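Worksheet: one structure, shown below.
Please read these numbers as outputs of a predicted model, since none were measured by experiment.
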Amino acid sequence: MEIKGASHFIQDIIEKDLESGKHDTVITRFPPEPNGYLHIGHAKSICLNFGLAEKYGGRCHLRFDDTNPRKEDPEYVHSIMHDVEWLGFHWGDHLYYASDYFGEFYRYSLQLIKQGQAYVCSLSPDEIRSYRGTLTEPGINSPYRKRSVQENLELFQEMKKGSFKEGEYVLRARIDMASPNINMRDPVIYRIIHAWHHRTRDAWCIYPTYDYAHCLSDSIEGITHSLCSLEFQDHRPLYDWFLEQLGVSCHPQQIEFARLNLNFTVMSKRKLTQLVQSGHVSGWDDPRMPTISGLRRRGYTPESIRRFCDLIGVAKSDNVVDMSMLEYCIREDLNKRAPRYMGVINPLKVVITNYPQESSEELPAINNPEDEAMGTRNVPFSRVIYIEAEDFREDPPKKYFRLAPGREVRLRYAYFITCQEVVKDQETGRILELRCTYDPATRGGDSPDGRKVKGTLHWVSAGHAVRSGVRIYDRLFSRPNPIQDEKKGLALNDTLNPASLQEQQGCMMEPAVKGLKPGDILQFERLGYFCVDPESTPASPVFNRTVSLKDTWAKIEKKMQG
RNA sequence: UGGGGCGUCGCCAAGCGGUAAGGCAACGGGUUUUGGUCCCGUCAUUCGGAGGUUCGAAUCCUUCCGCCCCAGCCA
């Protein structure tokens with residue numbers, strides 16, 4: 001068995017359980033509530049749960065935790081299934097819904113009532129809250145706590161029949177109103193909700209709460225290790241209480257780990273929903289979103305996300321992982337896989353004055369220097385080309401070794417050219433075009449006399465260029481920890497990065513990009529990794545920049561500017 | 001200060017009584033027809049603080065400090 005991925009405390013627990021014979025297999029589950037799209041924090045959980053099951057030859061269930069019909073929607077179950085599959089994980093026959101167990105949950109609650117461990121409470125929500133006490137004061141017993149088993153049974157059945165309005169009655173576990181753990185102060189386990197459920201339709205009007213439903217779902221499915229995030233640590237005694245009182249044969253072990261936080265973004269479904277609904281982003285799959293669908297549209301690969309989840313590890317301390325870690329992972333993957341093209345985002349016209357008029361030629365270019373098997377392609381060259389505006393400076397600073405008046409540079413896979421003249425708009429002084437000469441002896445980019453050139457530029461032949469749109473993305477927020485800022489009183493809206501999306505029109509790409517389809521990944525040499533947006537059409541191609549290449553020059557320039 | 005957790009390099013994170021892994025970032029240098037990739041090197045005498053136990057402590061004990069979570073009929 002190949003053991004990959006760093007070891008961590010959960011793995012240690014599993015290995016001990018396997019060695020001791022407590023378990024002979026590992027059964028985990030990924031239990032999303034279908035009330036929103038999955039984000040990279042979920043990816044961490046997915047990789048953990050499915051990864052562990054895979055590693056130890058067990059299995060991982062996909063279970064929709066659909067116990068609150070008010071919030072859930074089939075749209076979300078579809079997107080979740082798609083995202084999990086896209087990440088490369090398989091649940092096989094093990095697709096479940098907590099709602100499949102509503103009948104069992106109900107029978108178990110009857111058992112609790114009969115055992116005197118659950119009662120129907122007629123307190124209003126407000127009253128329940130005030131009876132619960134506070135962090136430092138114990139709660140007070142509900143006056144309904146001592147209803148007879150018979151009365152409880154009858155009332156609960158009436159609840160189930162739909163005889164009551166929402167909020168009039170709840171079923172509560174009878175535990176300990178004085179417990180220092182607030183979760184143990186007679187928690188609500190069933191509430192009345194008159195709403196249409198996406199699966200059980202109108203079969204039920206009472207719905208179990210998370211604490212009650214989750215442990216039982218795990219138990220019913222024979223889960224061995226139930227992994228969840230840190231905020232559920234306080235719920236573990238409750239998880240164990242239900243399973244013990246009910247005497248079930250399978251009692252999974254709940255283990256908590258720290259959820260993922262990434263800087264310059266937010267990671268809660270609620271906040272993400274806000275961004276979508278407020279129109280600050282175009283949708284759940286906006287490439288700036290940390291959602292799986294957003295990352296996918298941004299050009300992230302499943303492999304890069306899994307690698308990322310591997311690298312960040314699993315522990316119990318609160319963490320905020322640096323975005324650069326994610327960017328490292330996608331660059332690492334795409335460097336090996338992305339075919340290279342040349343494209344110019346901000347075109348600057350260059351006329352090669354000594355190149356024959358009306359003539360052109362095809363020059364071979366390597367598709368991926370990291371993978372010879374990807375072969376070569378031909379790139380057309382002609383008298384008029386575009387280069388990146390940034391690659392020319394009339395008054396070049398120190399260490400700038402791109403094009404400047406009188407300077408010679410290499411056009412990648414083409415020729416050495418020398419800038420002879422800068423043509424400007426008479427009135428505005430704006431640079432309109434460059435007039436250069438080329439050295440025919442340097443065809444392909446090598447000089448027979450061995451003379452060196454410091455810069456190599458990408459370029460596109462004007463007459464052959466494919467006019468395209470490019471979307472450059474930046475971090476969604478301008479501050480590293482928007483949630484912490486929010487707690488200090490800074491509104492989320494005010495910490496959004498106003499320049500997180502920059503749309504460029506009139507970009508010029510080499511003709512070979514015509515062969516690309518929506519979703520395809522590529523590198524525009526010297527610019528970064530891109531993918532073809534789903535909205536892209538042959539008549540109007542659109543490229544999303546996934547991530548830039550590392551840019552040493554930008555760093556030098558920044559440093560020089562202080 | 002009721003309960004539950006967590007504090008090891010700027011960010012993740014190993015370490016489980018034998019003398020501080022690794023990755024990201026950063027910074028030097030080499031190679032290079034992508035200022036990319038790749039390669040090589042630097043980067044915690046110190047593990048939140050203070051005591052103590054021990055031949056020996058990030059690891060054990062005491063105490064203090066800081067941060068996170070919990071008072072939904074959300075999950």
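- Here R191(A) reaches the OP1 or OP2 of A75(B): one of its side-chain N or O atoms lies under 4.0 Å away.
- The nearest whole Å value for the distance from the CZ atom in F401(A) to the C1' atom in U32(B) is 11 Å.
- For F524(A) and F543(A), the gap between ring centers is short of 6.0 Å.
- Distance check on atom P: U59(B) versus C43(B) gives 25 Å, rounded to whole Å.
- Nucleotide G7(B) holds its C1' atom 10 Å from the CG atom of D318(A), rounded to whole Å.
- Ring centroids of F381(A) and Y415(A) are separated by less than 6.0 Å, placing the two rings close together.
- Pair assignment for C47(B) gives none, since no Watson-Crick or G-U wobble pairing has each distance under 3.5 Å.
- Regarding I366(A), its CD1 atom lies at a distance of 13 Å from the C1' atom of U37(B), rounded to whole Å.
- In this structure, L334(A) atom CG and C38(B) atom C1' are separated by 17 Å, rounded to whole Å.
- Distance CG (N367(A)) to P (U37(B)): 20 Å, rounded to an integer number of Å.
- Cation-pi contact between K160(A) and Y106(A): present, with separation from the ring centre below 6.0 Å and deviation from the ring axis of at most 45°.
- A salt bridge does not link E408(A) with K454(A): none of the charged nitrogens is closer than 4.0 Å to a carboxylate oxygen.
- The separation between K550(A) atom NZ and U37(B) atom P is 5 Å, rounded to whole Å.
- Across the strands present, G72(B) finds no partner; the criterion is a Watson-Crick or G-U wobble pair with both atom distances under 3.5 angstrom.
- Under 4.0 angstrom from either OP1 or OP2 of A75(B) there lies at least one side-chain N or O belonging to T67(A).
- Geometrically, R199(A) engages Y97(A) in a cation-pi contact, judged by NZ or CZ lying under 6.0 Å from the ring centre and within 45° of the ring axis.
- Atom CG of D234(A) is separated from atom P of A75(B) by 17 Å (rounded to the nearest Å).
- At the phosphate of U34(B), neither OP1 nor OP2 sits under 4.0 Å from any side-chain N or O atom of R340(A).
- Nucleotide G10(B): paired with C24(B) (Watson-Crick or G-U wobble, both distances less than 3.5 Å).
- Distances shorter than 4.0 Å separate none of the side-chain N or O atoms of R172(A) from OP1 or OP2 on C73(B).
- Here Y328(A) reaches the OP1 or OP2 of C24(B): one of its side-chain N or O atoms lies under 4.0 Å away.
- Because its glycosidic torsion is within 90° of 0, G72(B) is reported here as syn.
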